[in-house]
Amino acid sequence: MTGTPIIPHSRPTLGPEEAEALAAVTRSGQLAQGPQVAEFERAMAAWMGLSGGVAVSSGTAGLQLALSAVGVGPGDEVILPSYVCSALWLAATRIGAAPRLVDIDPATYALDPAHVKKAVTTRTRAVIVPHPFGLPADLAKLRPLRVPLIEDCAQTLGAMQGGCPVGSVGQAVVCSFYATKLLCTGEGGMVLSNDEAVLEKVRALREYDEQSTLNPAAFNHKMTDLQGALGLCQLNRLSSFLKRRAEIAEAYRAAFAGLPIELPNAPPDRTHVYYRFVIRFRAKGDRRSRAREAWRVDGILARLERQGIQCRRPVFRPLHRYLGEEGYPETERATDTTLSVPIYPSLRDDEIQRITRTVGEELKEALT
Ligand SMILES: *Cc1c(COP(=O)(O)O)cnc(C)c1O
């Protein structure tokens with residue numbers, strides 16, 4: 001034990017602005033969905049260059065409503081990667097759709113467009129495209145597939161691919177404002193779009209009161225004005241948050257440059273906003289080497305935690321493993337050979353130094 005406080009894997013970045021904004025909403029007496037939520041929707045849509053947004057209670061709820069709004073229903077197929085949190089699978093199955101899992105591109109951890117193309121059938125009604133860890137998926141190759149794309153921007157805001165910002169291609173775009181995302185409201189999410197019909201359908205599904213019909217698909221998925229006020233503060237600070245993340249990523253790149261590991265890849269046509277800083281160990285493709293590698297990653301995670309640095313596997317468990325499916329070799333490899341180093345704007349310089357020193361020494365010892 002070092003006696004120094006633990007550096008958590010993630011932490012929100014909150015200051016006096018947020019405290020004052022929450023106090024002001026409390027004083028106003030208007031707590032539920034109201035003017036702060038409406039303003040946050042306008043500001044977020046403007047920031048993303050889209051015509052409108054509908055705030056909801058979580059990213060998962062946003063995915064579910066976005067799928068319904070683009071026309072996905074019972075029995076329809078929805079393509080999504082296996083290497084992702086279970087929220088995507090839950091959103092699709094909740095509305096009776098059938099998720100079709102595909103493998104990732106090892107260079108970016110994002111959906112591999114070639115695999116998506118092969119998975120498209122006459123029953124495919126949507127593809128959920130997450131932009132993992134802060135890097136855009138290959139939108140240029142996914143766009144020509146002629147299937148509605150739902151961009152999952154929960155981990156990536158403000159990044160570009162081939163001159164297009166994330167969020168500019170999907171028929172619907174979903175954000176999460178969970179406590180440790182790029183921009184946080186505690187819990188919360190938003191569906192954004194340039195298509196007013198999509199936004200209107202999401203609005204009709206997020207609340208039950210004073211509707212013209214009794215719609216069994218509607219529910220209560222609303223955001224509160226407390227969260228809306230928090231979101232507005234965080235959005236004002238988002239550019240400085242992203243700048244700080246890029247600075248920390250540069251410090252990590254410099255510190256880890258000599259180690260036998262792969263650092264986050266940013267192909268020349270894309271920018272990375274470093275929601276996560278994911279490093280990968282080199283392992284042979286066979287199952288036995290990967291199992292050894294997974295075991296080694298477990299050891300590294302445990303030893304770093306004992307030294308006060310909490311790293312994590314970037315995806316807890318890929319979907320195909322939950323479902324007991326075989327295949328998905330690149331998802332398997334990513335699961336067994338990667339770890340995610342803490343990166344967030346509220347990391348202090350002394351914490352960054354502790355991370356580069358401790359992680360650097362641990363990796364050197366474990367890998368050489
Ligand atoms: C966090 C996250 C979600 C789910 O968002 P919640 O607000 O936690 O429901 C969905 N997709 C991705 C890629 C995420 O990172």
Side-chain angles (χ1 to χ4, degrees), residues 9-12 37 40 44 53-68 78-95 97 99 101-102 104-105 108-111 126-137 139 142 149-159 166-167 170 172-192 202 205-206 219-224 226-228 230-231 234 245 264 272-278 312-319 322 331 334-335 338 340 343-344:
H9 179 241
S10 343
R11 187 167 70 194
V37 168
F40 181 39
M44 195 69 208
V54 182
V56 291
S57 52
S58 70
T60 312
L63 286 168
Q64 182 191 323
L65 301 195
L67 285 168
S68 296
V78 176
I79 295 172
L80 46 110
S82 174
Y83 194 55
V84 77
C85 62
S86 42
L88 282 70
W89 186 89
L90 292 170
T93 50
R94 174 74 34 141
I95 58 170
L101 307 184
V102 298
I104 50 167
D105 173 354
T108 60
Y109 305 108
L111 270 178
V127 183
I128 306 179
V129 184
H131 301 299
F133 313 145
L135 188 72
L139 291 168
L142 291 165
L149 303 182
I150 294 179
E151 285 186 67
D152 180 344
C153 288
Q155 303 197 347
T156 304
L157 295 169
V166 290
V173 179
V174 176
C175 296
S176 164
F177 309 122
Y178 175 69
T180 55
K181 297 290 162 97
L182 293 166
L183 178 171
C184 86
T185 64
E187 294 279 3
M190 198 177 288
V191 180
L192 300 111
V202 175
L205 294 172
R206 87 170 153 180
F219 206 65
N220 183 348
H221 291 297
K222 295 196 296 297
M223 177 184 271
T224 68
L226 287 159
Q227 293 163 298
L230 206 50
Q234 293 263 298
R245 284 178 180 276
H272 203 311
V273 296
Y274 297 104
Y275 173 63
R276 295 279 185 240
F277 194 89
V278 175
R312 285 270 183 274
R313 285 207 150 75
V315 171
F316 176 72
R317 186 178 297 159
L319 292 171
Y322 275 115
T331 299
T335 304
T338 59
S340 164
I343 187 165
Y344 38 87

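All ligand and atom numbering here is 1-based and tracks the order in the structure.
Considering only non-hydrogen protein atoms, atom 14 (C) of ligand 1 sits nearest to K181 NZ, 3.1 Å. Nearest protein heavy-atom contact of atom 5 (O) of ligand 1 is S176 OG, 3.2 Å. Among all non-hydrogen protein atoms, the one lying nearest atom 9 (O) of ligand 1 is T60 OG1, 2.5 Å.
Between the side chain of T156 and the backbone N or O of H131, at least one donor-acceptor pair lies under 3.5 Å. The main-chain N or O of C184 is found under 3.5 Å from a side-chain atom of Q234 such that the two form a donor-acceptor pair.
When only interatomic distances are considered, the shortest N/O to N/O separation between Y178 and ligand 1 does not fall below 3.5 Å. Of the polar atoms of E187, none of the N or O atoms is found under 3.5 Å from an N or O of ligand 1, judged by distance alone. Any N or O atom pair closer than 3.5 Å counts here, and A87 shares no such pair with ligand 1.
Every atom of ligand 1 is numbered from 1 in the order shown, and the set under 4.0 Å from a heavy atom of S58 is 7 (O), 9 (O). Atoms of ligand 1 found under 4.0 Å from any heavy atom of L88, numbered from 1 in the order shown, are 11 (N). In summary, the atoms of ligand 1 found under 4.0 Å from a heavy atom of A154, numbered by their order in the structure, are 2 (C), 11 (N), 12 (C), 13 (C), 14 (C), 15 (O). Every atom of ligand 1 is numbered from 1 in the order shown, and the set under 4.0 Å from a heavy atom of D152 is 10 (C), 11 (N), 12 (C), 13 (C). Contact atoms of ligand 1 toward Q155: 13 (C), 15 (O) (distance under 4.0 Å to a heavy atom of the residue).
Closest approach of T338 to Y109, counting heavy atoms only: CG2-OH, 3.6 Å. Smallest separation of non-hydrogen atoms from G134 and A159: O-CB, 3.9 Å. The minimum heavy-atom distance linking Y178 with E187 is given by the pair CD1-OE1, 3.6 Å.
A search for side-chain hydrogen bond (donor to acceptor under 3.5 Å, both in side chains) contacts involving H221 returns nothing, not counting sequence neighbours.
By the criterion of a heavy-atom distance under 4.0 Å, neither the backbone nor the side chain of V174 is placed next to ligand 1.
Shown are Y275, F133, F277; of these, the side-chain contact (heavy atoms from CB on, under 4.5 Å) with I343 is made only by F277.
Annotation: cation-pi pair R317/Y322 present, NZ/CZ under 6.0 Å from the ring centroid and within 45° of its normal.
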